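What follows is a short report on a single structure.
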Amino acid sequence: MTFPATRGRLTPDRPLCDLTWLRVGGPADALYQPADLEDLQGFLATLAPDVPVFPMGVGSNLIVRDGGLRAVVIRLGRGFNRIETDGTRVTAGAAALDAHVARKAAAAGIDLTFLRTVPGSIGGALRMNAGCYGSYVADHLVEARAVTREGALVTLDPQDLAFGYRNSTLPEGWVLTEAVFEGLSSDPSALEARMQAQLEQRDATQPTRDRTAGSTFRNPAGFSSTGRADDTHELKAWKVIENAGMRGATVGGAQMSPKHANFLVNTGQATADDLERLGEEVRKRVFQHSGIQLEWEIMRVGDPQLGGSEGSTEN
């Protein structure tokens, strides 16, 4: 396969395991890291239209299967991670980390604190309509910019992305590059204190020191935890998993965390196949126990290892 000339970095047959939080995954046909927006536009405009592309953030919510990914993986870097504030608005590059955006916004007196404990980068947060403590990206997005598969730069409003619980709509091959958010004005010290409390609550209840990819399954209730005292747990993913007896369950090197039953953990030597098979076993056991069909929150992409067992991709 031949690729267009680029000022960025293009690496054929690039293993992806070190680029995902779960540390699993075979090689992509190529990994492309654009130098800047112009470079990205030119690359996509001249890349053969039948070559699939897969935008990838920091791999925080992703399982790449052991056989790898038949696509050009596009990973944005330093040219796409700026964060600027203006009044009550924050403009953030798609490669900016959610936590960094929350902190810089708070320092400017802008409340985007819900992003502080969301793992990953802004591009992924947009794609997944990330949220917690009762707030979501959809509640704060003013507009986003993306490069189409043909290399054109477009501006999208929230309606264009058709946000739902843990999802949005974006045409195949489009690469999000930037987003503008609106937050309420607030006292920086109060926002910092709130984020510190959120971090302490997260560390007390989630396996933050383990290799995970955040929440494994969407909450059957259809909304994230609110963090309030009156929050209900009956239809939380962790609760139905625990009720089905799958807290701490293992397949190979994969485990459902004993600390939080909705966190899939690579205990050290797990393959992508181990992780996906355990996830599917959890889905089966939960359905048998409660009739609830859990939906994956972690994205799973690529081919199974030759000779391995392919996990279901049904949601």
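Keep in mind the model is a prediction, meaning the values are calculated, not measured.
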Looking only at non-hydrogen atoms, find the nearest pair between [X] and [Y] and report the distance.
X	Y	result
Trp174	Ala146	CE3-CB, 4.4 Å
Ala162	Thr169	CB-OG1, 3.8 Å
Ile298	Ala213	CD1-CB, 3.7 Å
Leu126	Ser168	O-OG, 3.3 Å
Ser60	Pro119	OG-O, 3.5 Å
Leu161	Ala144	CD1-CB, 4.5 Å

I'd like to know if [Y] and [X] are part of one continuous hydrophobic network [Ile/Leu/Val/Met/Phe/Trp/Tyr, side-chain heavy atoms within less than 4.5 Å].
X	Y	answer
Val175	Leu97	no
Leu264	Val286	yes
Val154	Ile122	yes
Met256	Ile292	yes
Leu44	Phe3	yes

Any donor-acceptor pair under 3.5 Å linking the side chain of [X] with the backbone of [Y]?
X	Y	result
Gln41	Gly151	yes
Arg65	Pro304	no
Asp66	Asp273	yes
Thr267	Gly253	yes
Asn129	Gly164	yes
Arg75	Gly57	yes
Asp29	Ala71	yes
Tyr165	Asn219	yes

Is any side-chain heavy atom of [X] closer than 4.5 Å to a side-chain heavy atom of [Y]?
X	Y	answer
Met56	Leu31	no
Ile110	Phe181	no
Leu294	Pro220	yes
Pro55	Leu176	no
Leu76	Leu40	yes
Val64	Leu19	no
Arg194	Arg116	no
Arg166	Tyr136	yes

**OP:** Tell me, please, which residues at least two apart from Asp50 pass salt bridge (Lys or Arg N to Asp or Glu O under 4.0 Å).
**Re:** none

Nearest-0.5 Å distance that lies between atom [atom1] in [X] and atom [atom2] in [Y]:
X	Y	atom1	atom2	answer
Glu150	Leu47	CD	CG	11.0 Å
Glu276	Ile63	CD	CD1	6.0 Å
Lys104	Leu115	NZ	CG	15.0 Å
Leu141	Asp160	CG	CG	10.0 Å
Thr212	Leu22	OG1	CG	6.5 Å
Met195	Asp111	CE	CG	9.0 Å

Could you list all the ring-ring contact (aromatic ring centres under 6.0 Å, His included) pairs where at least one residue sits in [range], not counting sequence neighbours?
range	value
residues 59-96	none
residues 194-219	Phe217-Trp296
residues 39-62	Tyr32-Phe43

Report the residues that fulfil side chain to side chain donor-acceptor pair (under 3.5 Å) with [X], sequence neighbours left out, ordered by chain and then residue number.
X	result
Thr216	none
Glu200	Gln196
Asp86	none

Any chance [atom1] of [X] has more than 12 other-residue heavy atoms, nucleotides or ligands included, within less than 6.0 Å?
X	atom1	answer
Leu184	CG	no
Arg103	CZ	no
Glu172	CD	no
Arg78	CZ	no

**OP:** With side chain to side chain contact (heavy atoms under 4.5 Å, CB included) as the test, would you mind laying out the steps for Cys132 and Val118 before giving the verdict?
**Re:** CA-CA 8 Å; Cys132 59; Val118 174; 4.2 Å; yes

Subject >> All ring pair (Phe, Tyr, Trp, His ring centres under 6.0 Å) counterparts of Phe263, not counting sequence neighbours >> reply: His260

Which pairs pass salt bridge (charged side-chain N to carboxylate O under 4.0 Å, His left out) with one or both residues in [range], sequence neighbours excluded?
range	answer
residues 174-192	Arg82-Glu178, Arg89-Glu182, Arg145-Glu178
residues 35-48	Arg7-Asp36
residues 245-272	Glu242-Arg247

Subject >> Ion pair check, Glu280 and Arg277, cut-off under 4.0 Å >> reply: no

**OP:** Show the numbers, then the answer: is there a side chain to side chain contact (heavy atoms under 4.5 Å, CB included) between Val51 and Arg149?
**Re:** CA-CA 10 Å; Val51 176; Arg149 178 60 181 82; 4.1 Å; yes

Original post:
In the hydrophobic clustering that connects Ile, Leu, Val, Met, Phe, Trp and Tyr at side-chain heavy-atom distances below 4.5 Å, which members other than Val142 occupy its cluster, ordered by chain and number?
Top reply: Val180

